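Note sheet for the following structure.
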Amino acid sequence: MAPPALPREASSRDVPGMSAAPAAEVLAGPPTRGPGSENFPVASWLLAPALRRPVLAFYHFVRAADDIADHPELPPEEKLARLARLEAALDDPATPLPLARALHESGAGTAEARRMLSAFRQDATQRRYAGWAALEDYCARSAAPVGRLLLRLHGETDPEALAGAESLAAALQILNHLQDLGPDRAALDRVYLPQDWMALAGGEDAFFTDAAARAPVLLTALDRVEAMLDRAACLPRRLESRRPALESAVTLHLARRLLARLRATDPLAGRVALSRADMAAALLAALRLSAPALAPPARHRRRGAGAGAGEARPLLLRARHGGHARPGAARALRRLCLLPCRGRHRRRHHARGRQARWPAEWRGKLERPDCPLSRELAWARSAFALPLAECHAMIDGMEADAGPSRRIADGAALDLYCRQVAGSVGALAVRIFGAPEAEAYGLALGHAFQLVNVLRDIDEDALRERVYLPLSDLAAAGLPPDAPAAALVADPRLPAVAAALAERADAAFAAADALLPPAAPAR
């Protein structure tokens with residue numbers, strides 16, 4: 001029996017036309033399920049009331065289509081004919097079919113419903129899947145449109161959020177397939193698990209009769225689902241709107257609980273399902289938006305192989321002390337580095353008053369996350385024990401850049417600036433990669449990189465009246481420190497000052513190499 005949905009689920013009474021008798025020539029009978037009997041929340045009270053109506057209209061339409069495809073007595077050709085009538089109703093806003101008319105009146109979901117109909121047509125005729133890629137293609141049509149619709153209704157356009165929603169939807173779909181392995185085969189002669197995997201268990205018959213033979217296949221499928229959930233874990237933090245962020249957090253938590261149950265219990269020995277207590281626990285975890293509820297489980301962290309680790313390969317190889325990359329490490333580091341990038345973007349394009357407010361706003365966001373980037377940073381701080389002081393140091397450096405012009409007095413002032421905007425990143429990065437004892441190395445390497453950035457951006461910075469070459473060095477070379485930035489850049493004596501700074505950068509890289517802990521040999 002499927003678990004009850006969250007309290008105060010919306011019902012069919014909220015959808016225009018849903019009380020009308022179903023068209024007997026199209027529908028396969030009364031719905032086999034309702035929004036309150038699904039495994040995961042459907043139009044729950046976590047969503048804005050105005051959006052529950054279109055979500056429910058969409059749900060009832062695709063539920064009717066799914067029931068047609070899964071009807072045990074209808075022949076395939078009759079299923080296809082009825083699904084074709086449903087699709088025709090999507091083309092006609094004046095359709096007499098109440099389910100389709102409600103979808104049209106809701107103003108959203110027809111494109112996603114059409115894509116899902118292609119999967120239901122496949123269900124009507126296809127009973128086996130050759131490999132995992134074929135199953136993923138099916139999920140891209142049978143599940144991913146649900147996630148994309150929910151984000152579209154909330155105005156969410158972030159590409160990573162969309163990818164996370166699709167991964168979550170596919171994971172939920174496959175979890176349902178695993179729950180229903182026995183009933184699907186018995187009633188519909190349909191098996192979603194790949195045939196090439198079953199061949200390794202001795203064939204389909206051996207898979208369904210021999211628990212020991214099927215166990216490795218089930219665990220492999222669950223590993224694939226876990227990877228999908230890991231990719232979707234960032235979804236609540238990537239969403240601008242609080243309500244869908246909470247709903248996705250609840251769903252992620254429930255999916256991980258069901259995954260754990262399926263690891264511990266053979267679904268062919270009895271239906272594995274969630275309970276009301278699971279729902280309550282998921283809701284509490286979502287309200288906290290706690291990192292432990294959303295991050296990959298400890299078992300997976302120990303297994304290693306974090307996605308995206310190759311993007312930071314040089315630092316990984318040298319600072320991770322020979323261990324496996326931590327899942328989410330590269331993503332966390334990218335989010336961390338977005339903060340100074342965001343500051344630079346705002347310095348370039350926002351009014352001066354907005355520039356002045358930005359550092360104070362971000363100090364507040366560090367304490368009270370209220371947007372995708374700040375929620376990502378809050379997750380990274382919790383997941384990797386990142387010192388808040390280093391985040392503040394980064395903001396201090398950006399705040400110093402917020403004025404209409406910028407000059408650096410001397411070498412000590414340049415060192416302080418490098419420590420704030422780049423040393424902070426290095427100190428945080430070594431923690432993200434699991435080597436907090438390498439903090440000195442991270443600080444030194446960040447300093448070296450920032451000196452290179454200063455040299456690289458001399459011309460670009462001058463366009464915004466910024467000169468990061470120390471004024472004391474300019475004066476020693478005979479350049480007037482108070483000259484406009486454009487004049488300084490055009491002065492033929494400037495390359496000599498830049499060359500001296502390049503030598504300091506070389507020395508900074510050498511100093512960083514000397515601080516590399518001996519337990520992390522270069523490779």
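All values reported here derive from a predicted model rather than from experimental measurement. No hydrogens, no waters, no symmetry mates; every other heavy atom, side chains included, goes into these values.
- In plain terms, the two heavy atoms of Y192 and D123 that are nearest each other are OH-OD1, 2.9 Å.
- Within the structure, salt bridge (Lys or Arg N to Asp or Glu O under 4.0 Å) contacts touching residues 165-176 (residues at least two apart or in different chains) are R148-E166.
- When all heavy atoms are compared, the tightest approach of A255 to L229 is CB-CD2, 3.8 Å.
- R141 is linked by a salt bridge (charged side-chain N to carboxylate O under 4.0 Å, His left out) to D137, counting only residues two or more places apart in sequence or in another chain.
- Between the side chain of R121 and the backbone N or O of L80, no donor-acceptor pair lies under 3.5 Å.
- In terms of heavy-atom proximity, R101 sits nearest to T95 at NH1-O, 3.1 Å.
- In this structure, Q179 contributes its side chain and V272 its backbone to a donor-acceptor pair below 3.5 Å.
- H71 places a side-chain N or O within donor-acceptor distance of the main-chain N or O of E73, the cut-off being under 3.5 Å.
- In this structure, the side chain of R128 engages the main chain of D189 through a donor-acceptor pair within 3.5 Å.
- Of all the heavy atoms in A201 and A206, the pair that sits closest is O-CB, 3.5 Å.
- Remark: side-chain polar atoms of E226 are not paired, donor with acceptor, to backbone N or O of M228 under 3.5 angstrom.
- Side chain of K79 to main chain of A69: a donor-acceptor pair is present (N/O by atom type, distance under 3.5 Å, no hydrogens or angles).
- Relative to the ring axis of F208, R214 does not place its NZ or CZ within 45° and under 6.0 Å from the centre.
- Exactly one residue among W132, F120, Y129 makes a ring-ring contact (aromatic ring centres under 6.0 Å, His included) with Y138. That residue is Y129.
- The minimum heavy-atom distance linking R431 with A385 is given by the pair CD-O, 3.8 Å.
- Of all non-hydrogen atoms in S167 and A232, the two that sit nearest each other are CB-CB, 4.2 Å.
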